[in-house]
Structures are given as structure tokens and as C-alpha cells.
Amino acid sequence: MVRIKQRYLLLDILYPDPSSWPNSIPDNADPETNNHLRIHSPTADTLSPGLLAKLIREQVSELFGDWGVGRLGGSNAGGVSVKYLSPATSTAIIRCPRASYRLVWAAITHLSHVPEYTPGSGYAFGKRAGAMNRPCVFRVVRVSGTMRKAEEEAIRRGRREVARVRGVKEGVVLGGLLGGDGAGDDVGVGVEDVDMDDDADDSE
């Protein structure tokens, strides 16, 4: 029996366009922290896992045509699935076939809008309904062979973001959690690099 190998893509949804920033973030003394919070602001709850998977499949079809859809297993095969989506942290984990993860990565990079709530009219779905009107950037930060590795990276990045906003070094925060003083910790080295796992990690 042949097991189909998968890849898991951890991605962040960022909002660099000031027109997409929410007004609910309080102004602090540090403008750099304010901008960082606005760029990493939450996503509307209407971006469901099913809608995100549909957007990725449509983008693969638009970029690569029938060949790309076939590489994912066909239009109804569900080759792309969203295993985790957190609107509060604008983080998601996408599962796709290992043989076509670069197609999915390219499609994710080309996505540029997410749903936005419009007061008085509620939520509307679909590009033609005008719901996809909040500009954003999808950034893939890790490609992993297992779900566990992607989850660990998401947790580590979350802790780093909290430490950055609080103005504390991450090594000190993690050292306090683990009972150490944090001295000599190499936490955060190479955090911007996309890490490719070996095939030995393909346990799922």
C-alpha cells in the first residue's frame, strides 16, 4: 500500500496597507509597536477554513489552469485542506500533496484580499458580492512534513510576537517558563527563514 505524502504550509496573513488597519487598536507610546500590531491585526471570522481552501484552489486554477487543478487531484478531490485557521492571530496551516506544494505556495502568495465586515450590511460571500475587499499579504513562513512541526513553529512564532510587543527578549520569557534565566538561549535564530523538513519527518 502506497501512502500519499503531504506537506503542511504555515502562513501568516498580514495587513501592510494602512487603509485595512482597524481603529480598535489603542495608541501606545511606541509607534513601531502600534504599526506592528496593526500589520498583524485579526482577520474577519468570515474567512472560514472552507472559504480559504476554495480561494487557494481557485487561485491554482487561475495560475496553472487544468494542469494545476489536476496536480491537486481534481476540482472535487480536496487536495488542499485547511487544518488550522485562527482569525484572532491571522495564522493558518494548509495541507496539500507533497508533489504539488510549490503550486499551492505560489497560489497562496498571489492571494491579495480577504473578507471584511461592512456595518449595516453584514457579511457577504464571494468576490462578486464585494466581500473580498480587505487588502492583505499571505506569507508562507514554514513548510513542514508533519502537522506537529508546523504547530510547534506556530507556537514559537506566537511567543516571539508576544515578547516583541511586550518589549522583552524571547529568551528571557522562555527561560522564565522553563525555570531558567534565559541566558545563552539561541531562541529566534533564523526565524525568518523558511525551513524545509526532510522526508524523515513524513510520519503523517
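The shown structure was predicted, so the numbers you read here are calculated from the model rather than taken from an experiment. Computed over heavy atoms, backbone and side chain alike; hydrogens, waters and symmetry mates excluded.
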| query | Are F138 and V114 side-chain neighbours, meaning at least one heavy-atom pair lies under 4.5 Å? | reply | yes
What heavy-atom pair brings [X] and [Y] nearest, and what distance separates the two atoms?
| X | Y | result |
| --- | --- | --- |
| L51 | P115 | CD2-CG, 3.8 Å |
| A150 | S144 | N-OG, 3.8 Å |
| R157 | V141 | NH2-CG1, 3.7 Å |
| P16 | V137 | CG-CG2, 3.7 Å |
| G79 | P97 | O-CD, 3.1 Å |
| L63 | A106 | CD1-O, 4.0 Å |

| field | Test side-chain contact (heavy atoms from CB on, under 4.5 Å) applied to V143 and Y101, step by step | value | CA-CA 9 Å; V143 178; Y101 81 92; 3.9 Å; yes
| Centre of Y15's six-membered ring, under 6.0 Å away, within 45 degrees of the axis: is that where NZ or CZ of R134 sits? | yes
Return the [atom1] to [atom2] distance between [X] and [Y], rounded to the nearest 0.5 Å.
| X | Y | atom1 | atom2 | answer |
| --- | --- | --- | --- | --- |
| R7 | T146 | CZ | OG1 | 9.0 Å |
| I108 | L52 | CD1 | CG | 7.0 Å |
| I94 | L10 | CD1 | CG | 9.5 Å |
| R148 | E153 | CZ | CD | 13.0 Å |
| C136 | L47 | SG | CG | 8.5 Å |
| W105 | L11 | CH2 | CG | 11.0 Å |

Is a side-chain N or O of [X] found less than 3.5 angstrom from the main chain of [Y], in a donor-acceptor match?
| X | Y | answer |
| --- | --- | --- |
| R95 | Q6 | no |
| S90 | S41 | yes |
| R142 | L9 | no |
| S61 | R57 | no |
| S100 | L103 | no |

| request: Apply salt bridge (Lys or Arg N to Asp or Glu O under 4.0 Å) to K83 and list each qualifying residue two or more places apart in sequence or on a separate chain. | output: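 Scan of K83 (salt bridge (Lys or Arg N to Asp or Glu O under 4.0 Å), adjacent residues dropped) gives none.
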| field | Check against side-chain contact (heavy atoms from CB on, under 4.5 Å), L55 and L111 | value | CA-CA 8 Å; L55 291 174; L111 293 175; 4.2 Å; yes
| query | Salt bridge or not for R156 and E152, using N-O below 4.0 Å? | reply |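 Between E152 and R156 there is no salt bridge, as every charged N stays at least 4.0 Å from the carboxylate O atoms.
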| task | Tell me, with the steps shown, if L72 and V69 meet side-chain contact (heavy atoms from CB on, under 4.5 Å). | result | CA-CA 5 Å; L72 295 180; V69 175; 5.8 Å; no
| message | With clusters defined by side-chain heavy atoms of hydrophobic residues (ILVMFWY) lying less than 4.5 Å apart, directly or transitively, does W67 cluster with V80? | response | yes
| Set of residues satisfying side-chain hydrogen bond (donor to acceptor under 3.5 Å, both in side chains) with respect to E151, sequence neighbours excluded |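 Checked E151 against side-chain hydrogen bond (donor to acceptor under 3.5 Å, both in side chains); zero matches.
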| field | side-chain hydrogen bond (donor to acceptor under 3.5 Å, both in side chains) involving T91 - partner list, sequence neighbours excluded | value |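 By the side-chain hydrogen bond (donor to acceptor under 3.5 Å, both in side chains) rule, T91 matches T89.
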